[in-house]
2 protein chains.
Amino acid sequence: MATRTAAQQREQARSAYDAFLRDCPTNQLLDRLSDKWVSLVVSALAPGPLRYSDLARRIAGVSPKMLTQTLRTLERDGILTRTVTPSVPVRVDYELTPLGRNLALLLTAVKDWAENHFDEVHAARLRYDADNTGA
Amino acid sequence: MATRTAAQQREQARSAYDAFLRDCPTNQLLDRLSDKWVSLVVSALAPGPLRYSDLARRIAGVSPKMLTQTLRTLERDGILTRTVTPSVPVRVDYELTPLGRNLALLLTAVKDWAENHFDEVHAARLRYDADNTGA
DNA sequence: CGGTATCCTATTGGATACTG
DNA sequence: CAGTATCCAATAGGATACCG
C-alpha cells in the first residue's frame with residue numbers, strides 16, 4: 001500500500017497552483033466560482049437537467065442577461081452542457097457535466113450552509129450592532 | 001434513539017429559508033459568502049489565528065481597504081473574532097469562531113477545487129473557443 | 001421559447017496618502 | 001503595526017425592448 005511516492009509527489013508538484021496568489025490563474029477561477037449566480041445555477045441543476053425557462057423560474061428574479069451570461073461562462077468552463085432541440089418552438093436543456101456535478105456538491109453545501117446558519121449569523125449581527133451603538 | 005420526530009420536524013420547518021428566492025435573507029447571505037475575499041480570508045484563517053499583516057502577506061495583493069472591509073463584515077457576521085493586544089505597537093489577531101471553522105470547511109473545499117481542477121477547466125475553455133472560432 | 005442588444009445606475013475595488 | 005480616508009476607473013447587473 002506504500003506505492004504512492006514518486007508518481008504522487010509529481011502529481012502534487014504539478015498542481016502547484018496557489019489561489020492565494022493574485023496572479024495565479026486559479027485565483028481568477030476562484031473569483032468566478034465565488035459568484036451568487038454560479039452557486040444558484042449549479043445548485044439548481046444538481047438534481048437534474050433543466051430548460052432555460054425552468055431555471056429562470058427557479059432562480060426567482062434573475063434577469064435574462066445574468067442568466068444567459070452565467071450559463072455561457074459555465075458552458076465554456078466545462079461545468080455544464082447546452083443542448084438545443086430544434087423543435088417548434090425551440091427547446092434548450094442545460095445539464096451538469098461530471099465536472100459540474102463534482103463542483104455542485106461543494107456549491108450546494110455553501111448554499112445550504114447559508115440557509116441553515118442564517119439565524120446564527122443574524123444573531124451575531126444584532127450582538128455586534130448592539131455592542132457598537134453609541135459606544 | 002427515535003426521539004427525533006415532532007421537535008426535529010418543527011426545526012426543519014422553521015428553517016424554511018430558500019436561497020433561490022431573491023427576497024429571502026439567505027439569498028443575501030449567499031451573496032456575501034460568494035466572495036473571493038471571503039473565501040481567501042476564511043481559508044487563510046482555517047489553520048489558525050493570524051495577525052492583520054500576516055493576512056495581508058498571505059493573501060497576496062489584497063488592498064488594505066478590501067482586507068479591512070472583509071474582516072469587519074466577517075466579524076459582524078460572527079465568522080471570526082478580532083482581538084486587540086494594546087502593546088507597542090498594537091497587535092491585532094483574527095481567529096475563526098466555531099461557526100467560522102464550520103464554514104471554512106466548505107470554502108476551503110471550493111478554493112481547493114479551483115486549484116485541483118483548473119487544468120480541466122482550462123482545457124474545456126480551449127475546446128469551447130476552438131469550436132466557436134469563425135464558425 | 002430562448003434568447004440578444006442597449007442603456008444606465010450602483011457597487012466594487014485598486015491606488016494612494018495619511019493617522020493613532 | 002493596523003488600519004482610515006478619499007478619489008476614481010472598471011465592472012456588475014437591473015430594466016427594457018426587440019428578434020429568430
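Nothing here was measured: the structure is a model prediction, and the numbers come from that model. These values consider heavy atoms only, across backbone and side chains, with no hydrogens, waters or symmetry-generated copies.
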Interatomic distance, B:Q28 CD vs D:dG13 P [rounded to whole Å]: 13 Å
Listed nucleotide nearest any side-chain atom of A:R82, set C:dC1, C:dG3, D:dT4: C:dG3
Gap between atoms CG and C1', on B:L55 and D:dA2 respectively (whole Å): 12 Å
Any A:T68 side-chain nitrogen or oxygen under 4.0 Å from OP1 or OP2 of C:dG3: no
Heavy-atom side-chain proximity of B:L71 to B:Y52 below 4.5 angstrom: yes
Side-chain heavy-atom pair B:D18, B:T26 within 4.5 angstrom cut-off: no
Pairwise side-chain contact, A:L45 with A:L55, heavy-atom cut-off 4.5 Å (strictly under): yes
Under 4.0 angstrom between A:Y52 side-chain N/O and C:dT4 OP1 or OP2: no
Rounded distance in Å - CZ (B:R72) to C1' (C:dT12): 19 Å
Heavy-atom side-chain proximity of B:Y128 to A:D77 below 4.5 angstrom: no
Sub-4.5 Å side-chain heavy-atom contact between A:N27 and B:L40: yes
Give me the distances for all protein-to-nucleotides 13-20 of chain C N/O pairs that come in under 3.5 Å?
residue : atom : partner : partner atom : Å
C:dG13  : N7   : B:K65   : NZ           : 2.6
C:dG13  : O6   : B:K65   : NZ           : 3.4
C:dG14  : OP2  : B:S63   : OG           : 3.4
C:dG14  : O6   : B:K65   : NZ           : 2.7

A:R51 side-chain N/O to C:dG2 phosphate OP1/OP2 under 4.0 Å: yes
Spacing of A:H122 atom NE2 and B:L29 atom CG [to the nearest 0.5 Å]: 11.5 Å
Value in whole Å for how far the P atom of D:dA2 lies from CG of B:L50: 11 Å
Side chains of A:F20 and A:L30 in contact at under 4.5 Å (non-hydrogen atoms): no
Whole-Å gap separating P (D:dG3) and CG (B:D93): 10 Å
side-chain N/O A:R91 vs C:dG2 OP1/OP2, d < 4.0 Å: no
Between C:dG2 (C1') and A:L67 (CG): distance, integer Å: 10 Å
